[in-house]
Number of protein chains: 2
Amino acid sequence: MKIDPENKADLSAQIAEAIRKEIMAGRLIVDERLPSEAELADHFAVSRPTVREALKRLAAQSLIRTARGAFGGAFVNRLNYPDAYGQHITTSTLLLSMNAISFDVACEARYALERACTPLAAERRTPDTLATMRAEIHRQGQPGLSDESFCASDVTFHRALVDSANNPVLSYQLAGAVEAMQPLMNMITFTARSRGAILGFHTRIADALERHEAEAAQAALSELEAYTLTLGRDVMAARARPRG
Amino acid sequence: MKIDPENKADLSAQIAEAIRKEIMAGRLIVDERLPSEAELADHFAVSRPTVREALKRLAAQSLIRTARGAFGGAFVNRLNYPDAYGQHITTSTLLLSMNAISFDVACEARYALERACTPLAAERRTPDTLATMRAEIHRQGQPGLSDESFCASDVTFHRALVDSANNPVLSYQLAGAVEAMQPLMNMITFTARSRGAILGFHTRIADALERHEAEAAQAALSELEAYTLTLGRDVMAARARPRG
DNA sequence: GCATTTAAATTGTCAGACATTTAAATGTAA
DNA sequence: TTACATTTAAATGTCTGACAATTTAAATGC
């Protein structure tokens, strides 16, 4: 593990990158203890605060965890699903919110990915995931529901659909796509009419999954996509001419 | 922006989380300058090194960037595609390598996602993406190619397939799935026979896309998935009984 | 043999200083 | 007036040294 004296980047960034590479390459394995901060400072010929900044960078990416006390220190962290979900969702959400990505593009990506889960979901859906979907459908029919709550329920419904595929890697990948759309969806005002339409699609999807009918579920998803697209386009058009 | 004096977590983690929430909620917008380190230290009633550790955490997630000099400081960073790709790939790769995820599960997720891109790719593929795929197919047929190079070429081929869909959000989401599989694929020894088979599937996929035939491309992908699965299972079986 | 205390190691935090970088402000000469 | 060099101020980057808090192992006492 070395750093380049010619490199003009921050020392802490270089050190973090050097350790990150060791972890990615498997030369530092899960639960292995890194040298103490003082030893790392010696090794890289920098001060302890610089080492600490490097370690905090790695901790922010869940690559290491630290423990105080004797026999404490920094340990290579086993990246678990909740942490991975969180990181993916943060990254995806910011990517969408900061880059003027059109509603159309985000929508297309999300529904394409969801359709990818549908054949597996139709095959493997459980009473549990079906119950979640039914419960959210019921919630979405409540009259007093705020737009935010409706959106949150929508996310829960679609995550249950994804989880039905019973593939944790797929669930992880989809979490970013589904959650990152929520800020965009939150801009939509869901009228009673549009809620009714969405409810209808959700019911068709749940029904199709329950009957193990993948193609029917995919068809309903595609129609939901088209409908969501019109809702989103209306919002974007209204925002484009605010005095309209 | 406040931190909880009752909270026993690291101060730098709390401060980073407080600022992260401001960014995620849009209360700190792109290119906005954060207060200087000294001002933040005052605001949170902590020392400057603690503030710096917090800022390094955020920098590690590409949420901020820093600039030295007068009128420098920490600025909310516009998360760009390359940074988002990198973070997603790091997270996905570690998730797969550290959690004893079976080859089957990873493989299933990856090909399900790729099939999701295929209809769009068949519609929108360009001479450019087709040329990339043909070039990689040609490379994969070279006799002297190492297993690593073959895998790298495989990744390039599949990324070209994904990029053919011409949806950057989809490309970003798929990058994690495709790249994270590479360490698993690298464990496979590609015999001349298996290379020939894979080459055949790749050719069928490229041909189908060229002719805008989505279903033929999906069918070839599914067969490639089944074939990859058998290769992976052989490796896993051999690893399970090392004295075999 | 068990409970308690002590010691040691390590991270967390702080204070203060200096180095380096950057751009604006200032000064100077053509 | 303009162009260029210099100064200055503000900010991050880095270092030193210290102390606090935490945790475990070992030592001690009963």
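Note that these values count all heavy atoms, side chains included, but never hydrogens, waters or copies made by symmetry. Here is the naming used below: chain letters follow the sequence lines, and residue numbers restart at 1 for every chain.
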Interface polar pairs with nucleotides 9-13 of chain D, N/O, under 3.5 angstrom:
{"unit_1": "D:dA10", "atom_1": "N3", "unit_2": "B:A70", "atom_2": "N", "d": "3.2"}
{"unit_1": "D:dT12", "atom_1": "OP1", "unit_2": "B:E37", "atom_2": "N", "d": "3.4"}
{"unit_1": "D:dT12", "atom_1": "OP2", "unit_2": "B:E37", "atom_2": "N", "d": "3.1"}
{"unit_1": "D:dG13", "atom_1": "OP1", "unit_2": "A:D10", "atom_2": "OD2", "d": "3.2"}
{"unit_1": "D:dG13", "atom_1": "OP1", "unit_2": "B:T66", "atom_2": "OG1", "d": "3.1"}
{"unit_1": "D:dG13", "atom_1": "OP2", "unit_2": "B:R52", "atom_2": "NH1", "d": "2.8"}
{"unit_1": "D:dG13", "atom_1": "OP2", "unit_2": "B:R52", "atom_2": "NH2", "d": "3.3"}
{"unit_1": "D:dG13", "atom_1": "OP2", "unit_2": "B:K56", "atom_2": "NZ", "d": "3.0"}
{"unit_1": "D:dG13", "atom_1": "N7", "unit_2": "B:R48", "atom_2": "NH2", "d": "2.8"}
{"unit_1": "D:dG13", "atom_1": "O6", "unit_2": "B:R48", "atom_2": "NH1", "d": "3.4"}

Problem set entry | Exercise: identify the closest heavy-atom pair between B:E114 and B:L174 |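 Heavy atoms only, the tightest pair is N-CD1, 4.0 Å.
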For this session: Mind listing the closest non-hydrogen atom pair of B:R57 and A:A60 along with its distance?
Result: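 It is O-CB, 3.4 Å.
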Given atom [atom1] of [X] and atom [atom2] of [N], what is their separation to the nearest angstrom?
X     : N      : atom1 : atom2 : result
A:L40 : C:dG12 : CG    : C1'   : 16 Å
B:K8  : D:dA20 : NZ    : C1'   : 18 Å
A:F75 : D:dT24 : CZ    : P     : 10 Å

Exercise. Can you tell me if B:Y81 and B:S171 form a side-chain donor-acceptor pair at under 3.5 Å?
Worked result: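 No, no side-chain donor-acceptor pair sits under 3.5 Å.
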Problem set entry | Distance-only donor-acceptor check, side chains B:S62 and B:N77, under 3.5 Å |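 There is no such pair (donor and acceptor under 3.5 Å, judged by atom type) between the side chains of B:S62 and B:N77.
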For this session: Please say which of B:L28, B:L63, B:I64, B:I15 ends up in a side-chain contact (heavy atoms from CB on, under 4.5 Å) with B:R20.
Result: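 It is B:L63, the one option of B:L28, B:L63, B:I64, B:I15 that forms the side-chain contact (heavy atoms from CB on, under 4.5 Å) with B:R20.
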For this session: Just do the side chain to side chain contact (heavy atoms under 4.5 Å, CB included) check on B:E39 and B:L34 with the steps written out, would you?
Result: CA-CA 9 Å; B:E39 287 167 326; B:L34 272 63; over 6 Å; no
Exercise. Looking at five pairs on each end of the helix from C:dG1-D:dC30 to C:dA30-D:dT1, what is the angle between the two axes, given to 10 degrees?
Worked result: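 The value is 10°.
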Exercise. Is the phosphate of C:dG12, meaning OP1 or OP2, less than 4.0 Å from a side-chain N or O of B:S12?
Worked result: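 For C:dG12, OP1/OP2 do not have a side-chain N/O of B:S12 under 4.0 Å.
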Exercise. Using the ring of each side chain (for Trp, its six-membered ring), is B:Y172 parallel, tilted or perpendicular to B:H88, with breaks at 30° and 60°?
Worked result: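 The arrangement is tilted - the two ring planes meet at 30° to 60°.
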Exercise. Short question: side chain of B:R33, backbone of B:G72 - any donor-acceptor pair under 3.5 Å?
Worked result: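 Such a contact is found between B:R33 side chain and B:G72 backbone.
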